[in-house]
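Contents: one structure, followed by commentary.
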Amino acid sequence: MVSLISRLVVAAPASGHGKTTVSTGLMAALHSRGFAVAPFKVGPDYIDPGYHTLAAGRPGRNLDPVLCEEELIPSLFAHGAQGCDVAVIEGVMGLFDGQLGSRGFASTAHVARLLKAPLLLVVDVRHTSRSAAALVTGMDQFDPNISVAGVVLNQVGSARHEKEVREAIAELDIPVVGALPRKLTMEAPSRHLGLVPAAERDDAGIRAMGETVAQHLDLDAIMSLANGAQPLAGTPWDPSAVVTPPSPQRPRVAVAGGRAFTFRYPETDELLVAAGCDPVVFDPLNDATLPEDVSGLWLGGGFPEVHATELDANTSLLTDIRRQVIAGLPTVAECAGLLYLCQQMDGHEMAGALPLTARMGERLTMGYRSATSEADTLIGRIGETITGHEFHRTVISADRSANTEGGGTEHNDGSVTFASGMVADEDTRVQATSAWVLNGRPDGFATATLHASYLHVHWAGHPQLAQRFADAVHRHV
C-alpha cells in the first residue's frame with residue numbers, strides 16, 4: 001500500500017526553540033480550517049500528544065524507533081493518519097539528537113527520513129539576525145539524506161529584525177513561511193517533568209495557539225510544503241494482526257484516567273480491544289470504587305505527586321484497589337501507577353498494595369532502558385528482553401512497617417527489588433520478584449497477577465505483553 005497523505009515534520013536546532021508551540025498551533029489552525037489533521041510526536045513524550053489531541057480533535061500518537069523499531073514507524077504512521085488530510089509530526093530535541101551513542105537513531109531527522117516527510121524548521125532568533133541563516137544552512141546540509149523545506153522564525157523582536165533574518169535566509173533558497181513575535185502569552189506552562197498536561201488545563205490556550213499561528217504563519221505555503229511529501233509505502237498497523245482474543249468473553253479492564261493519570265499510548269487501548277477486552281476509564285481523583293465487573297486494572301503514568309492530597313482523600317477507592325489487587329486482579333502499573341500502589345507518597349496515604357513508600361527525589365531519572373525479566377510474571381517471561389523508557393523524579397524505598405516476609409533490597413538509586421518477598425493480606429500471600437532488570441538494575445515489583453514498574457513500554461513494539469495481560473484478564477473472569 002502506498003500512502004499519499006500530505007505531511008511534514010516540525011523540527012528545531014535544539015529544545016526551547018518553539019516546536020511545541022508551532023506544532024500545536026499549526027494543528028489547531030489547520031483543524032479550524034476544516035482539515036482532518038493527524039497529530040504525531042517523535043519520541044516517548046506523553047505530554048505534547050495531549051496538547052496535539054486537543055488541537056487536532058484526534059488522538060496524538062508517538063513515533064519512536066527505539067520503543068517500536070524503525071520498521072514499524074511507517075505502519076504506525078499510516079494507522080494514525082487514516083482518513084486524514086494532513087499529518088503534522090512534532091520532532092524531539094534538536095533535529096539530529098537521538099538515542100545517546102547511536103549516531104542519531106530515533107532523532108527527528110531519522111523519523112523524517114523513515115516517513116519521507118518535508119522538514120519545517122523552527123528557529124528562535126532572539127539573539128541573532130543574519131547568523132540565523134548559517135544555522136539553517138548547517139541544519140539543511142549536515143545530513144545529505146534530508147533537507148529543510150521551510151523555516152518559521154520565532155521570537156522576532158521587530159519588523160526590522162524580521163526583515164534582516166528573512167533576507168539572509170532567502171539567499172539559501174529556503175522559504176520563510178512565517179514569523180512569531182516575542183512576548184506572546186500562548187506558551188504552555190511547565191513544571192518539574194516538563195509541560196503541564198493538557199488534561200489539567202482548558203483548551204483556551206490551544207485555541208490561542210491556533211489563532212496566533214493562523215495570524216503569523218502562511219498556512220497555504222505550509223500546506224504546499226506538506227503536499228510535496230513523497231509517496232510512502234507501508235501497510236497501516238493493525239492491532240488485530242498481533243493479538244487475538246483468548247476467549248469469546250469481553251472482560252472489562254479498568255484504565256486510570258483523569259487529571260492525575262494522563263500518560264497512555266492510544267495503541268494500548270487498541271491492543272486491549274483487539275485482544276477481546278473492553279477498557280473502561282475511571283478517575284482516581286473522583287470515583288469512589290473501580291468500575292463494576294472489571295477483570296483487570298491498568299494504571300499508567302501521570303502526576304500523582306501533584307494530586308497526592310486528593311488521591312489520599314479518596315479512601316474508598318484506595319481501599320477497593322488494595323483489596324482487589326492483593327486478591328489477584330490482573331494489574332499493570334507503570335511509573336505513576338507504581339507510586340499509586342505504594343503505602344505512601346510524600347507522607348500521603350496511597351493504595352497500600354505494595355510494601356513500598358515513595359518520595360520526591362533530587363534529580364530526574366530519564367532515558368531508554370533495556371529491560372529483562374528474571375522470572376515468569378504477569379507480562380514478563382524469564383530471560384526475555386524488551387525496550388522501554390524511564391522518566392521520573394520520585395524514588396521508592398522498602399516500607400519496613402508493611403506486612404511482609406522476605407523483605408526487600410533497597411538500591412542507591414532508590415529502586416527496590418523483592419527477589420523473594422511475600423506481600424501478606426490476611427490469608428493471601430503473593431510471591432514477588434522484581435518487575436524488570438533495567439540495564440543491570442532491578443526495578444519494580446511483579447507477581448503472576450501484578451506488574452508494577454517505573455518503566456513505560458509502548459505495547460505496539462511488544463504486543464506479546466498486551467496479549468499476556470489480556471490472557472490473564474480473560475482467565476480472571
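At distances below 3.5 Å, not a single donor-acceptor pair connects side-chain atoms of R441 with backbone N or O atoms of V437. Of the possible polar contacts, one joining the H474 side chain to the A275 backbone as a donor-acceptor pair under 3.5 Å is found. Under the 3.5 Å distance criterion, the side-chain polar atoms of K41 are matched with a main-chain donor or acceptor of G91. In this structure a side-chain-to-backbone donor-acceptor pair under 3.5 Å is present from N62 to G43. Checked by atom type and distance alone, the side chain of Y454 pairs as donor or acceptor with a backbone atom of T394 at under 3.5 Å. Between the side chain of D376 and the main chain of I382, a donor-acceptor pair closer than 3.5 Å is present. With hydrogens and angles ignored, the 3.5 Å screen pairs a side-chain donor or acceptor of T53 with a backbone N or O of G60.
The shortest side-chain heavy-atom distance between F303 and I47 falls under the 4.5 Å cut-off. Using a 4.5 Å heavy-atom cutoff, the side chains of P246 and Q467 are in contact. In this structure, the side chains of V473 and W298 stay at 4.5 Å or more apart for every pair of heavy atoms. Counting only heavy atoms from C-beta outward, the side chains of V273 and P239 never approach each other to under 4.5 Å. Counting only heavy atoms from C-beta outward, the side chains of V243 and L272 never approach each other to under 4.5 Å. A heavy-atom distance below 4.5 Å is not found between the side chains of V37 and R58. At least one side-chain heavy atom of V22 sits less than 4.5 Å from a side-chain heavy atom of L217. The shortest side-chain heavy-atom distance between V88 and T24 does not fall under the 4.5 Å cut-off.
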side-chain contact (heavy atoms from CB on, under 4.5 Å) evaluation trace for M93 with T108: CA-CA 8 Å; M93 300 186 293; T108 303; over 6 Å; no
Intermediate values then yes/no, side-chain contact (heavy atoms from CB on, under 4.5 Å), E70 and F105: CA-CA 9 Å; E70 60 182 346; F105 190 89; 3.9 Å; yes
Working for side-chain contact (heavy atoms from CB on, under 4.5 Å), residues L299 and L341: CA-CA 9 Å; L299 301 168; L341 293 181; 3.8 Å; yes
Stepwise side-chain contact (heavy atoms from CB on, under 4.5 Å) test for K116 and R7: CA-CA 9 Å; K116 299 181 180 180; R7 59 195 180 276; 3.9 Å; yes
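One finds the CG atom of L356 at 6.5 Å from the CZ atom of F445 (value rounded to the nearest 0.5 Å). Remark: L8 CG to S23 OG distance equals 8.5 Å, nearest 0.5 Å. Of the inter-residue distances, the one linking R259 atom CZ with D283 atom CG reads 7.0 Å to the nearest 0.5 angstrom. Rounding to the nearest 0.5 angstrom, the gap separating the OG1 atom in T128 from the CG atom in L153 is 10.5 Å. To the nearest 0.5 Å, the span separating OG on S370 from CD1 on I386 amounts to 8.0 Å. Note that CG of L450 is 11.5 Å distant from OG1 of T433, once rounded to the nearest 0.5 Å.
Checked against salt bridge (Lys or Arg N to Asp or Glu O under 4.0 Å), R369 has the following partners two or more places apart in sequence or in another chain: E390. In terms of the ring pair (Phe, Tyr, Trp, His ring centres under 6.0 Å) criterion, residue partners of Y368 (sequence neighbours excluded) are, by chain and number, H389. For E362, there are no salt bridge (Lys or Arg N to Asp or Glu O under 4.0 Å) partners, not counting sequence neighbours. Residues satisfying the side-chain hydrogen bond (donor to acceptor under 3.5 Å, both in side chains) criterion with S240, sequence neighbours excluded, are D238. Considering only residues two or more places apart in sequence or on other chains, H451 meets the ring pair (Phe, Tyr, Trp, His ring centres under 6.0 Å) condition with W436. With sequence neighbours left out, the ring pair (Phe, Tyr, Trp, His ring centres under 6.0 Å) criterion links Y265 to Y46, H458. Residues forming a salt bridge (Lys or Arg N to Asp or Glu O under 4.0 Å) with E384 (at least two apart in sequence, or on another chain): R468. Shown here are the side chain to side chain contact (heavy atoms under 4.5 Å, CB included) partners of A109, two or more places apart in sequence or in another chain: L95, F96, S107, R113, I146. For E267, the salt bridge (Lys or Arg N to Asp or Glu O under 4.0 Å) partners are R61, not counting sequence neighbours.
Pairing each heavy atom of H392 with each of L364, the nearest pair is O-CD1, 3.5 Å. The minimum heavy-atom distance linking P330 with F469 is given by the pair O-CE1, 3.6 Å. A pairwise comparison of heavy atoms in L225 and V177 identifies CD1-CG1, 4.2 Å as the closest pair. Summarising the geometry of V66 relative to A106, their closest heavy-atom pair is CG2-CB, 3.6 Å, with the distance given to 0.1 Å. The two residues L339 and M350 have their closest heavy-atom pair at O-CG, 3.8 Å. Smallest separation of non-hydrogen atoms from A81 and I5: CB-CD1, 3.5 Å.
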May I have the list of side-chain donor-acceptor pairs in residues 132-140 shorter than 3.5 Å, sequence neighbours left out?
{"residue": "T137", "atom": "OG1", "partner": "A133", "partner atom": "O", "Å": "2.8"}
{"residue": "D140", "atom": "OD1", "partner": "V148", "partner atom": "N", "Å": "2.8"}

Compile the donor-acceptor pairs under 3.5 Å between side chains in residues 29-36 and protein atoms, sequence neighbours left out, one pair per line.
{"residue": "H31", "atom": "ND1", "partner": "A56", "partner atom": "O", "Å": "3.4"}
{"residue": "S32", "atom": "OG", "partner": "A28", "partner atom": "O", "Å": "3.3"}
{"residue": "S32", "atom": "OG", "partner": "A29", "partner atom": "O", "Å": "2.7"}
{"residue": "R33", "atom": "NH1", "partner": "D220", "partner atom": "OD1", "Å": "3.0"}

For residues 71-80, run the donor-acceptor check on the side chains, cut-off 3.5 Å, and write out each pair with its distance to 0.1 Å, sequence neighbours left out.
{"residue": "S75", "atom": "OG", "partner": "T235", "partner atom": "O", "Å": "2.9"}
{"residue": "H79", "atom": "ND1", "partner": "W237", "partner atom": "O", "Å": "3.1"}
{"residue": "H79", "atom": "NE2", "partner": "E270", "partner atom": "OE1", "Å": "3.0"}

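Remark: Q82 CD is packed, more than 12 non-hydrogen atoms of other residues, nucleotides or ligands lying under 6.0 Å away.
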